[in-house]
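Comments concern the structure below.
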Number of protein chains: 2
Amino acid sequence: MAMPRTNKKPATITDVAIAAGMSIGTVSRYINGYEVKPANKERIERAIADLSFSPNALASGMKSADSRMVGLLVPDYDEFHAGLLGNLATTLAQEGLVTLTYCHESNSAVAKEAMRFFRTHRVRALIMSWPDADRNDITEMIAQGVQIVTYDNIIDFAGGDRVVVNNREASFKAVSELIRLGHTRIGAVTGDLRRWTAKERLAGWRDAFEAANIPAPEDLIFPCDWYRADGHRAMEHFWKMDTPPSAIFAANYQISLGILVFCQENDITLPDDLSLFSFDDVEAFHFSTPRVAAIGQPVHDIAQAIKARLLENNKAKRPATTPISVVDCAVHFRESIGPYRPKSV
Amino acid sequence: MAMPRTNKKPATITDVAIAAGMSIGTVSRYINGYEVKPANKERIERAIADLSFSPNALASGMKSADSRMVGLLVPDYDEFHAGLLGNLATTLAQEGLVTLTYCHESNSAVAKEAMRFFRTHRVRALIMSWPDADRNDITEMIAQGVQIVTYDNIIDFAGGDRVVVNNREASFKAVSELIRLGHTRIGAVTGDLRRWTAKERLAGWRDAFEAANIPAPEDLIFPCDWYRADGHRAMEHFWKMDTPPSAIFAANYQISLGILVFCQENDITLPDDLSLFSFDDVEAFHFSTPRVAAIGQPVHDIAQAIKARLLENNKAKRPATTPISVVDCAVHFRESIGPYRPKSV
DNA sequence: TTGTATGCGTTATCAA
DNA sequence: TTGATAACGCATACAA
């Protein structure tokens, strides 16, 4: 029922002090966990309950010049980033930290606006996956003591922390398994090769061939963007080749979904006609037939690593021992990969 | 590189005023969009750029008693809620509003903490899906002028706005289609029947039978919780029956996934052995074989409806014309449903 | 159109 | 251990 808004103003610390019959200093100290006389403590607690007082985080943040907020800037609210956000927000809340989110959609203007937003809100730290971030914004924030943590991205500015997964090694394992299964024509749908992650994942693909002493099929590298349409386009391209790949390594899950769509449309059966290994493990891969082999990024561990960085740097005020944390991925072999079999014509 | 944090303090509005050679009042007005002399405007703009000043949202929010933050309290960061968050955060950002998130995990203690959190941060509005919310918290917040919007949930307190989807009607359509296909033994895996949404969806199931003049098979109602395990348990139960259902209506996607798992495990083929219609449409349903028929909640529209509520109530300061917005779901018929065929023994 | 001055709810510094 | 008081950065009422 939309009733006229009453706007009873929230009780302030002064109200509490008056109700409890003491100075606001004492109340403030109680709230912040300093020692007060047990008798006073009780009276304060009762006053707080009576007035249903809750401290004003804005005022406290303004005075103490610490907002206790951290920003999270993601390209997208896909399954991975939603999971990251969830884990991060929850774990940071336990430390009394708030998470502000912004989604840049790979759009510079939006990202710029996001930076403005985070600066305006005086976030104490900024966690982001945005390689094109404006250098001026970043350096300005760092100069002001904002901790910058980049996730799975390399930006070479001074003062930032980095958390990454072992992209290269995990990719190596996946592709090596394909090679072990007898595949040599293994396509790589790389994602955006201007990005560090894409480069690393492709490097893992190369490593696998090198380790197996097989020349890497450079003609099967398909550079593109990160989306479904790219996976689909890659398949269109591959399937027109004289010797198409017998297996594919896809650099993220959206690309893989695009590949799956193409396979559906063209009656390509996994793993008989094609083996597929994907970076990123999503729910859809568990319910497709066959289930898709995938490299899972451990969202929980990543969130913990980021948190550790934040606390370490803020609590101890000392430089991190190492500026980069590496988190290991899980590699799941599933039914979408199978032994190489020569193409029946 | 972890360098010693410099902590250069951010420029304040006073700094800007000095640099521009005028009073902070003028600068403040410029920032807030009031008219200033063009000449002054230029000087202010330059000063702001030189100092790379960004206004302190905490201070401004404190002064104006409006944090411009809204809270979002969700049970989970699943595909649906992640989508909602994304849409909401993006659309609200366009209005200069910040979204704070908290996930209660259906846990009272966590939810309680979330309420404390939102009150402390003086959110101007709270969007939530939490039927067990503490009445005292709610009424206190409403009294203080916080707008409460419940999503797809009914809490009967005065002063709240509600946004819901047409659960009952959409369910009716889905089940009617199953009946049209010849099914009469249609199971209902209901989710938590203490919840309004669950009741509504079950009511839609009943409506369909009534409209078809068929007695509803009450023995096929399986009350449970909302998770994968519940869908699995439901199937275990059904499959032991003398006359098991030939079709199933599942009240959310997690339940459906549990059902899919059971079918995989027991070689139950969709739609030959069983038809499945699910509430909630997720990516996994598009990539399973067969694709799962589902009712999609239009996350974008829901976010817009919520936004409309927020703006309406805050801009015009008048009561909403109606306290409840209904958003229509899309009903997708897909290959997981097929004509009834008598069970071959 | 602009300047001045007050106060928002806290924390922190200083004496007591 | 506590009380009084000065900031914190900004918006705004009022005066000019």
Side-chain angles (χ1 to χ4, degrees), chain A residues 7-45 47-48 51-69 96 98 119-124 144-145, chain B residues 7-45 47-48 51-69 96 116 119-124 144-145:
Chain A
N7 266 53
K8 184 185 75 177
K9 293 185 56 177
T12 73
I13 197 172
T14 311
D15 300 330
V16 174
I18 293 172
M22 63 195 66
S23 83
I24 69 171
T26 309
V27 178
S28 174
R29 280 185 288 263
Y30 164 78
I31 290 171
N32 291 16
Y34 293 87
E35 289 295 305
V36 298
K37 242 197 260 175
N40 286 339
K41 183 179 151 182
E42 263 183 44
R43 288 163 61 201
I44 295 175
E45 279 166 351
I48 288 179
L51 299 168
S52 83
F53 163 80
S54 82
N56 184 328
L58 274 61
S60 128
M62 191 185 91
K63 178 58 190 168
S64 59
D66 177 6
S67 67
R68 301 197 69 75
M69 302 201 253
V98 193
R119 288 192 56 196
T120 290
H121 284 83
R122 298 292 187 269
V123 293
R124 117 188 339 196
Q144 289 170 6
Chain B
N7 266 54
K8 182 185 74 173
K9 292 185 58 176
T12 74
I13 197 174
T14 310
D15 299 330
V16 174
I18 293 172
M22 63 195 69
S23 82
I24 71 169
T26 308
V27 177
S28 173
R29 279 184 288 264
Y30 164 76
I31 290 171
N32 292 34
Y34 295 88
E35 288 296 304
V36 297
K37 241 196 265 179
N40 285 340
K41 182 178 154 183
E42 262 183 45
R43 288 162 62 201
I44 294 175
E45 278 167 350
I48 288 179
L51 299 168
S52 82
F53 162 79
S54 82
N56 184 329
L58 276 60
S60 117
M62 194 184 88
K63 178 60 188 163
S64 58
D66 177 7
S67 66
R68 302 197 69 75
M69 303 202 251
R116 207 183 62 79
R119 288 191 57 196
T120 291
H121 284 82
R122 299 291 188 268
V123 294
R124 127 200 314 210
Q144 288 169 6

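In what follows, chains are A, B, ... by sequence order, proteins preceding strands, each numbered from 1.
Taking five base pairs at each end of the helix from dT1(C)-dA16(D) to dA16(C)-dT1(D), the local helix axes there meet at an angle of 30°, rounded to 10°.
Across every non-hydrogen atom of Ser23(A) and Ala17(A), the tightest pair is C-CB, 3.8 Å. In terms of heavy atoms, Arg43(A) sits closest to Gly21(A) at NH2-O, 3.6 Å.
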Next on the checklist: Can you build the contact string for nucleotides 8-16 of chain D? Use B for base contact, S for sugar-phosphate-only contact, and - for no protein heavy atom under 4.0 Å.
Outcome noted: BBBBBB---
Item to check | Derivation and outcome, side-chain contact (heavy atoms from CB on, under 4.5 Å), residues Lys37(B) and Thr26(B) | outcome: CA-CA 10 Å; Lys37(B) 241 196 265 179; Thr26(B) 308; over 6 Å; no
Checklist entry - Going through the checks in order, is the side-chain contact (heavy atoms from CB on, under 4.5 Å) test met by Ile31(B) and Phe53(B)? => result CA-CA 11 Å; Ile31(B) 290 171; Phe53(B) 162 79; 3.6 Å; yes
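Atom NZ in Lys63(B) sits 10.5 Å away from atom OG in Ser28(B) (nearest 0.5 Å). To the nearest 0.5 angstrom, Ser60(B) atom OG is 8.0 Å from Asp66(B) atom CG.
Phosphate proximity of dA4(D) to Ser23(A): absent, as no side-chain N or O sits under 4.0 Å from OP1 or OP2.
In the displayed structure, Glu42(A) atom CD is contacted under 6.0 Å by at most 12 heavy atoms of other residues, nucleotides or ligands.
Remark: Thr14(A) pairs with Thr12(A), Ile18(A), Ile24(A) by the side-chain contact (heavy atoms from CB on, under 4.5 Å) rule, at least two apart or across chains.
In this structure, Ile18(A) places its CD1 atom 14 Å from C1' of dA4(D), rounding to the nearest Å.
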